[in-house]
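A short write-up of the structure that comes next.
Fair warning: this is a prediction, and the values are worked out from it, not measured in the lab. Below, chains carry the letters A, B, ... as their sequence lines are ordered, and counting in each starts from 1.
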Number of protein chains: 2
Amino acid sequence: MTKVKDTLREHDLRNTSCREDVLAILTQNNAALSHGEIERELDNRFDRVTIYRTLKTFVDKGIIHKVLDEEGLRYAVCKDQCSGSRHHHDHLHFKCTVCGLTNCIENITIPPIQLPAGYKSIETNLLIQGVCPLCNSDN
Amino acid sequence: MTKVKDTLREHDLRNTSCREDVLAILTQNNAALSHGEIERELDNRFDRVTIYRTLKTFVDKGIIHKVLDEEGLRYAVCKDQCSGSRHHHDHLHFKCTVCGLTNCIENITIPPIQLPAGYKSIETNLLIQGVCPLCNSDN
DNA sequence: CCAATATTTGCATCCCTGTTGCACTTAGCG
DNA sequence: CGCTAAGTGCAACAGGGATGCAAATATTGG
Ligand SMILES: [Mn+2]
Ligand SMILES: [Mn+2]
Ligand SMILES: [Zn+2]
Ligand SMILES: [Zn+2]
């Protein structure tokens with residue numbers, strides 16, 4: 001995929017097969033993936049430390065962002081323009097308790113929350129658990 | 001502390017020193033604590049597995065609830081009446097990036113979030129990171 | 001108050017994730 | 001094509017979660 005190579009180049013990253021494959025997997029997959037899931041999907045073709053460092057590099061460069069759910073840490077590609085110093089994600093994450101997938105819901109903006117006096121908000125992280133449309137039999 | 005003993009009895013739990021001490025620590029502390037922090041506070045007087053099982057028991061009984069932040073899992077006492085099957089926490093959690101403490105903000109209700117069609121919400125988890133009043137020099 | 005028993009604990013052990021150091025390999029450049 | 005900085009694999013460690021099992025103990029009924 002040329003797109004993947006371009007993304008790497010744009011972020012001053014050398015084009016290696018591990019980086020290509022990890023980014024391709026995250027791009028194709030619309031659910032957020034954990035380190036372990038990515039490792040499995042790569043069929044052990046790379047050392048897990050390399051995958052770990054690849055994910056860290058991508059987060060630092062603003063190519064992917066972390067997604068926190070009850071089971072731990074996952075990763076998803078940034079749809080907005082992000083950089084390492086500034087990830088701006090005001091979208092929410094939805095975890096389906098039936099299929100287990102965690103997804104970014106991009107088109108919903110988190111309403112502003114009025115904090116008590118003295119609190120200064122920097123980053124908001126909203127996770128909603130429930131049932132996704134595909135698993136919802138009520139339609 | 002009699003209060004602690006009462007709480008244990010009310011939930012049909014045997015009164016053991018590990019349970020007493022863990023619950024006392026969580027009650028006195030207003031910040032959410034991790035397994036490791038509790039272990040340290042107990043000065044290694046109990047096996048980590050015992051503490052682990054104690055926390056699990058408390059969560060199952062609705063005495064404490066999990067608090068998810070970037071660093072992992074923490075625990076805080078439930079202020080509302082909760083049971084194992086039904087933890088109802090509509091409050092938000094605030095993590096101060098200066099002092100590192102994570103707290104429950106009880107008196108703010110999370111505004112309802114309009115999900116796209118087909119999504120069914122069961123539980124909402126809101127974490128705001130920022131600076132707490134004690135660390136905020138702007139007052 | 002004591003004995004019986006169901007519960008709880010500590011220990012051993014396993015698995016998974018994250019992290020670092022170091023030597024070897026390789027991508028990208030001139 | 002060869003140099004060099006960057007990336008990789010391997011070994012090793014730390015932390016947390018989880019389970020099985022035998023020893024210890026809280027509770028209860030006598
Ligand atoms: Mn996202
Ligand atoms: Mn809370
Ligand atoms: Zn689903
Ligand atoms: Zn603070």
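- Think of B:Leu126 as one node in a network of Ile, Leu, Val, Met, Phe, Trp and Tyr side chains linked at under 4.5 Å; its network also takes in A:Leu92, A:Phe94, A:Ile105, A:Ile108, A:Ile110, A:Ile113, A:Leu115, A:Tyr119, A:Leu126, A:Ile128, B:Leu92, B:Phe94, B:Ile105, B:Ile108, B:Ile110, B:Ile113, B:Leu115, B:Tyr119, B:Ile128.
- Between the CG atom of B:Asn15 and the C1' atom of C:dT9 there is a distance of 15 Å, rounded to whole Å.
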Practice item. Sugar-phosphate atoms are those with a prime plus P, OP1 and OP2; base atoms are the rest. Using that split, label each nucleotide of nucleotides 6-11 of chain D B, S or - for protein heavy atoms under 4.0 Å, 5' to 3'. Key: SSSBBB
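- The distance between atom CD of B:Glu71 and atom C1' of D:dG15, rounded to the nearest whole Å, is 13 Å.
- Side-chain contact check for A:Glu37 versus A:Glu41: every heavy-atom pair is 4.5 Å or farther apart.
- Per the geometry, CG belonging to A:Leu73 stands 16 Å off C1' belonging to D:dG17, to the nearest Å.
- Using a 4.0 Å heavy-atom distance criterion, A:Gly72 is classed as making no nucleic acid contact.
- Considering only side-chain N and O atoms, A:Tyr52 lies under 4.0 angstrom from the phosphate OP1 or OP2 of C:dT19.
- Atom P of nucleotide C:dT9 and atom CG of B:Leu42 are separated by 12 Å, given to the nearest angstrom.
- One atom, CD of B:Glu20, and another, P of C:dT8, lie 14 Å apart when rounded to the nearest Å.
- Other cluster members for B:Val67: none, since no ILVMFWY side-chain heavy atom sits under 4.5 Å from it.
- For the residue pair B:Cys96 and B:Cys132, the shortest heavy atom distance occurs at SG-N, 3.4 Å.
- Helix bend of the helix from C:dC1-D:dG30 to C:dG30-D:dC1: the angle between its two end axes, each built from five pairs, comes to 30° after rounding to 10°.
- In this structure, B:Asn44 atom CG and C:dT9 atom P are separated by 16 Å, rounded to whole Å.
- For B:His91, the ring-ring contact (aromatic ring centres under 6.0 Å, His included) partners at least two apart in sequence or on another chain are B:His65, B:His89, B:His93.
- Between B:Arg48 atom CZ and D:dA14 atom P the separation is 13 Å, expressed in whole Å.
- Evaluation of the side chain to side chain contact (heavy atoms under 4.5 Å, CB included) rule for A:Glu10 yields A:Asp6 as partners, not counting sequence neighbours.
- Protein atom NZ of A:Lys66 is 15 Å distant from nucleotide atom P of C:dT17, rounded to whole Å.
- At D:dG17, one or more side-chain N or O atoms of B:His35 fall inside 4.0 Å of OP1 or OP2 (strictly under the cut-off).
- Applying the side-chain hydrogen bond (donor to acceptor under 3.5 Å, both in side chains) test to A:Arg14 and every residue at least two apart in sequence or in another chain returns nothing.
- For the salt bridge (charged side-chain N to carboxylate O under 4.0 Å, His left out) condition, the pairs that include at least one residue of residues 94-114 of chain A, sequence neighbours left out, are A:Asp69-A:Lys95, A:Glu71-A:Lys95, A:Lys79-A:Glu106.
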Expected list for residues 46-55 of chain A: side-chain donor-acceptor pairs under 3.5 angstrom, two or more places apart:
| residue | atom | partner | partner atom | Å |
| --- | --- | --- | --- | --- |
| A:Asp47 | OD2 | A:Val49 | N | 2.9 |
| A:Thr54 | OG1 | A:Thr50 | O | 2.8 |

